[in-house]
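One structure is given below, encoded as structure tokens.
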Amino acid sequence: LEEGERVEVKIGLSGFGNVGRNFIGLLLEKKKYLKDKYKLDLKVVTVLVSDGGINNPQGIPLEKFAAIKTAFERKNMLGFDDRLTGEEAIKASNADVWVEATPTNIKTGQPGLTYFHTAFDRGMHVVTLSKGPLVCAFDQVMEHARKAGVQIKYSGATAAALPTIDVALNSLAGTNILSIQGILNGTSNFILTAMEKASLSFAEALAEAKAQGIAEPDPSLDVEGWDTASKMIIIANSIYDTDFKIDQVKLTGITKITPADLQEAKNRGGTIKLLGIAEPIGDTFRLEVAPTFLRADHPLASVNGTTKGIYFCTDTMGPLTVIGGYSNPKGAAAAALKDIISIFAPAAKTFSTSF
Ligand SMILES: NC(=O)c1ccc[n+]([C@@H]2O[C@H](COP(=O)([O-])OP(=O)(O)OC[C@H]3O[C@@H](n4cnc5c(N)ncnc54)[C@H](OP(=O)(O)O)[C@@H]3O)[C@@H](O)[C@H]2O)c1
């Protein structure tokens, strides 16, 4: 890039809920920083919700979004068109990259899966927060992206603010990853921590998680282990070039864990964590999500509350742990922004101007 040159990136967004709103907020908050540091000028040209959307090839004034609370306001203040379907909107959009932030459906992958394919057909890169399309059709999605000559990035679907895929694929490149263990669900970890530290029952700890806005009204995907399993198979498929489906994960949630179990673990010099585990064993794989005893000196044993962590064992770099990152919609939005930066302002270009 020449001095002062900017790259304009046009973004389409499906989903204007917790994450979508935070994503737009972040684009506003970081506007100057993104221009100064990465020379990126990010514009949002399309936004889709469950009952319509808006397309503006010149860019939608983002400031206006901050005030919008209801569907009525979306229509009347921003001009959302309730006749516009998702596919139509993507086909008509001039976006360079599509950000997918609709609800995750791990049975069908929809609506994200259709949005992915439509975006690939239009030559758009995809950055996803929703896990459904990758859980249901990992190989198909990767193949389509490859054929379309575009990138798909999914930090937001693999523990978001906690770097998992980036570490495995970039920082650990050239190693054999012998096993992966992850605390990948903030709600379950919060519940187990509350049960352990405050001697609460599962039901009491869940009620506390709901009161603090950590657990969803229906927390079953989290506490039964489906969310951890979803993230783990996306991570495993990325690292091991496999196409595992979620029904291949041996799955046990935390609903049957009692304070007595946690006390017993403590007496044995450790604790219990809901782990996602992926480990090649000979010609087969161990793929499991289960409450697991960890000795106190295991790096993940002290990961508490909504904090997440991932532990890799490698052949040539040894064991390596990553812990932290916000488990909230802003952290998720920031993970999507990171993916956009890595597509449009790869490190080599950015750093070449600084050294
Ligand atoms: N929340 C987090 O911290 C977090 C972290 C990492 C990943 N994620 C993932 O990010 C995604 C979004 O989460 P969220 O918390 O933002 O969900 P949310 O608050 O429920 O928002 C979902 C948004 O998707 C829209 N939507 C629903 N069906 C649609 C359709 N068919 N076409 C277009 N838009 C549709 C909804 O429209 P309406 O506004 O009309 O209802 C809403 O704006 C999920 O897949 C989640 O798993 C979330």
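Note that this is a predicted model, so its numbers are computed, not measured. Computation of the quantities below employed the complete heavy-atom set of this structure, encompassing side-chain atoms and omitting hydrogens, waters and symmetry-equivalent molecules.
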**OP:** Show your reasoning for whether side chain to side chain donor-acceptor pair (under 3.5 Å) applies to T242 and N237.
**Re:** CA-CA 5 Å; T242 47; N237 284 339; 2.8 Å; yes

**OP:** List the steps, then state whether salt bridge (Lys or Arg N to Asp or Glu O under 4.0 Å) holds for E143 with R146.
**Re:** CA-CA 5 Å; E143 185 60 19; R146 221 173 355 253; 2.9 Å; yes

Original post:
With no hydrogens and no angle check, is any side-chain donor or acceptor of N328 less than 3.5 Å from a backbone partner on K330?
Top reply: yes

**OP:** Verify, without hydrogens or angle tests, whether R21 (side chain) and I68 (backbone) share a donor-acceptor contact under 3.5 angstrom.
**Re:** yes

Subject >> Validation row: K308, V303 side chains within 4.5 angstrom (heavy atoms) >> reply: no

**OP:** Any chance you could lay out the side chain to side chain donor-acceptor pair (under 3.5 Å) test for D261 and T258, step after step, and finish with the verdict?
**Re:** CA-CA 5 Å; D261 294 329; T258 64; 3.2 Å; yes

Original post:
Between N22 and G331, is there a donor-acceptor pair closer than 3.5 Å when you use the side chain of the first and the backbone of the second?
Top reply: no

Subject >> Side-chain H-bond candidate by donor/acceptor type, S155 with D339, under 3.5 Å >> reply: yes

Subject >> Heavy-atom donor-acceptor pair, D81 side chain to G53 backbone, under 3.5 Å >> reply: no

Subject >> Expected output: side-chain D96 to main-chain K10 donor-acceptor under 3.5 Å >> reply: yes

Subject >> Step-by-step side chain to side chain donor-acceptor pair (under 3.5 Å) determination, T306 to Y326 >> reply: CA-CA 8 Å; T306 56; Y326 288 140; over 6 Å; no

Subject >> N55 side chain vs A89 backbone, donor-acceptor pair below 3.5 Å >> reply: yes

Subject >> Option among I152, L48, V150 that satisfies the side-chain contact (heavy atoms from CB on, under 4.5 Å) test with W98 >> reply: L48

Original post:
Do D222 and S188 meet the criterion of a side-chain donor-acceptor pair at a distance under 3.5 Å?
Top reply: no

Subject >> Polar contact flag, side-chain donor to acceptor under 3.5 angstrom, D121-T118 >> reply: no

Original post:
If only atom types and distance count, is the side chain of Q248 paired as donor or acceptor with the main-chain N or O of K245 below 3.5 Å?
Top reply: yes

Original post:
Residues in side-chain contact (heavy atoms from CB on, under 4.5 Å) with N76, at least two apart?
Top reply: F72

Original post:
So, for F23 and F16, is the gap between ring centers shorter than 6.0 Å?
Top reply: no

**OP:** Answer yes if the ring centres of H298 and Y311 are under 6.0 angstrom apart, and no otherwise.
**Re:** yes

**OP:** Go through the side-chain N and O atoms of S93 and T46 and say whether any donor and acceptor fall under 3.5 Å apart.
**Re:** yes

**OP:** Determine, step by step, whether K273 and N304 satisfy the side chain to side chain donor-acceptor pair (under 3.5 Å) criterion, reporting the C-alpha distance in whole Å, the side-chain angles of both residues, the deciding distance to 0.1 Å, and the verdict.
**Re:** CA-CA 9 Å; K273 295 290 181 190; N304 288 322; 3.0 Å; yes

